[in-house]
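Reckoned from all heavy atoms, side chains included, excluding hydrogens, waters and symmetry mates.
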Amino acid sequence: MARSAKLLLLLAVIYILAAAFVVPASAARRRAVRLQLYMHDIAGVTAVQVVKGTGPLHPSMPPGNRHFGDTTVMDDLLTEGPSLESSPVGRAQGSYVLAGLVDPVVVVTATFKLTHGPYNGSTLVIAGRDEVLAEVRELAVVGGTGKLRRASGHVLWRTLEVLEGAHYVLELDVCASLPATAAASAFATN
């Protein structure tokens with residue numbers, strides 16, 4: 001009898017340990033979302049400085065005359081390709097603040113409102129630290145609405161080129177996912 005009690009105890013321990021590592025089916029099933037967008041940030045046109053920072057002159061921010069705390073609001077066009085004449089797919093609306101005293105860093109908060117394609121009418125919310133001079137920056141996808149409800153993930157953010165007139169073309173590679181329940185409910189209502 002002692003042997004069968006030990007066997008039962010061992011089986012109970014194995015069951016409890018196994019149950020502790022089981023991932024709920026709803027958490028395990030996520031639907032991947034991949035988008036490649038191009039953002040056109042044009043200083044003085046679609047990106048306007050609204051606060052001149054009262055902090056010190058920034059030592060390494062191009063093109064100079066930038067101060068710690070400078071705040072810019074944007075309403076940038078999102079396109080399918082890098083050309084301004086590419087098909088529009090939405091708008092990037094938000095702000096960025098020069099938040100580094102020494103390093104050229106801006107903190108970005110933006111909502112991507114998508115107006116074409118399979119996510120028409122949906123939004124993605126982006127936030128994070130943009131080290132302006134780095135080749136690739138990673139910002140977080142912190143939410144979304146519509147067919148992108150409860151999105152999470154990241155955006156790889158690259159400055160593709162700087163055109164005449166301080167027109168910055170940014171390549172945005174969105175890698176996000178949606179909970180299975182959010183994806184199902186979003187599609188059921190549309």
Side-chain angles (χ1 to χ4, degrees), residues 33-53 55 58 60-100 103-178:
V33 174
R34 292 295 305 264
L35 299 170
Q36 183 152 11
L37 309 168
Y38 295 86
M39 186 168 89
H40 299 271
D41 191 68
I42 306 169
V45 179
T46 65
V48 179
Q49 185 176 36
V50 294
V51 174
K52 185 68 175 169
H58 201 279
S60 61
M61 267 302 281
N65 197 24
R66 301 285 183 184
H67 293 81
F68 178 71
D70 284 358
T71 303
T72 300
V73 295
M74 65 178 166
D75 186 2
D76 293 340
L77 179 64
L78 296 171
T79 59
E80 191 174 77
S83 168
L84 193 55
E85 286 76 36
S86 277
S87 296
V89 294
R91 305 293 298 187
Q93 299 166 320
S95 62
Y96 45 95
V97 177
L98 182 52
D103 296 328
V105 172
V106 295
V107 172
V108 177
T109 56
T111 299
F112 294 174
K113 170 68 174 177
L114 302 174
T115 56
H116 292 82
Y119 301 107
N120 182 17
S122 300
T123 66
L124 278 175
V125 180
I126 310 300
R129 184 177 188 270
D130 179 356
E131 294 183 51
V132 176
L133 299 180
E135 183 178 340
V136 178
R137 291 86 76 190
E138 184 174 340
L139 286 79
V141 173
V142 296
T145 64
K147 291 180 181 176
L148 297 169
R149 186 176 299 131
R150 295 174 53 205
S152 63
H154 66 278
V155 176
L156 298 179
W157 186 283
R158 295 175 184 86
T159 303
L160 194 59
E161 61 184 323
V162 181
L163 303 171
E164 198 172 315
H167 175 175
Y168 295 83
V169 180
L170 302 170
E171 180 182 53
L172 311 173
D173 186 12
V174 178
C175 303
S177 66
L178 304 171

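The two residues Glu161 and Leu163 make their nearest non-hydrogen contact at OE1-CD2, 3.3 Å. In terms of heavy-atom proximity, Ala47 sits nearest to Asp76 at N-OD1, 4.2 Å. Ala151 and Leu124 make their closest contact through CB-CD2, 3.7 Å (heavy atoms, listed as atom of the first residue, atom of the second, distance). When all heavy atoms of Lys147 and Ser122 are compared, the pair lying nearest together is N-OG, 2.9 Å. Residues Val48 and Val45 share a closest heavy-atom pair of CG2-O, 4.1 Å.
Thr46 and His40 form no side-chain donor-acceptor contact under 3.5 Å, judged by distance and modelled atom types alone.
Rounding to the nearest 0.5 Å gives a distance of 10.0 Å between CG of Leu35 and CG of Leu78. Note that CD1 of Ile126 and CG of Leu172 are 8.0 Å apart. Values are rounded to the nearest 0.5 Å. Going from atom CH2 of Trp157 over to atom CG of Leu139 covers 5.5 Å, rounded to the nearest 0.5 Å. Note that OH of Tyr96 and CD of Gln49 are 9.5 Å apart. Values are rounded to the nearest 0.5 Å.
Here the side chain of Arg91 pairs a donor or acceptor atom with the backbone of Asp75 at under 3.5 angstrom. When atom types are taken as modelled, the side chain of Thr109 and the backbone of Val107 share no donor-acceptor pair closer than 3.5 angstrom. Not a single donor-acceptor pair under 3.5 Å links the side chain of Thr123 to the backbone N or O of Thr111. Panel note: side chain His67, backbone Leu98; no donor-acceptor pair is recorded below 3.5 Å.
Under a 4.0 Å N-O distance rule, the pair Asp70/Lys52 qualifies as a salt bridge.
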Determine, stepwise, if the pair Val141 / Val125 fulfils side-chain contact (heavy atoms from CB on, under 4.5 Å). CA-CA 6 Å; Val141 173; Val125 180; over 6 Å; no
Evaluation steps, side-chain contact (heavy atoms from CB on, under 4.5 Å), between Arg137 and Leu170: CA-CA 11 Å; Arg137 291 86 76 190; Leu170 302 170; 4.0 Å; yes
Might you work through the side-chain contact (heavy atoms from CB on, under 4.5 Å) test for Asp41 and His167, ending with a clear yes or no? CA-CA 6 Å; Asp41 191 68; His167 175 175; over 6 Å; no
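Atom CD of Glu80 sits in a sparse spot, with 12 or fewer heavy atoms from other residues, nucleotides or ligands closer than 6.0 Å.
When each of Gln36, Arg158, His154, Arg34 is checked for a side-chain hydrogen bond (donor to acceptor under 3.5 Å, both in side chains) with Asp173, only Arg34 meets the rule.
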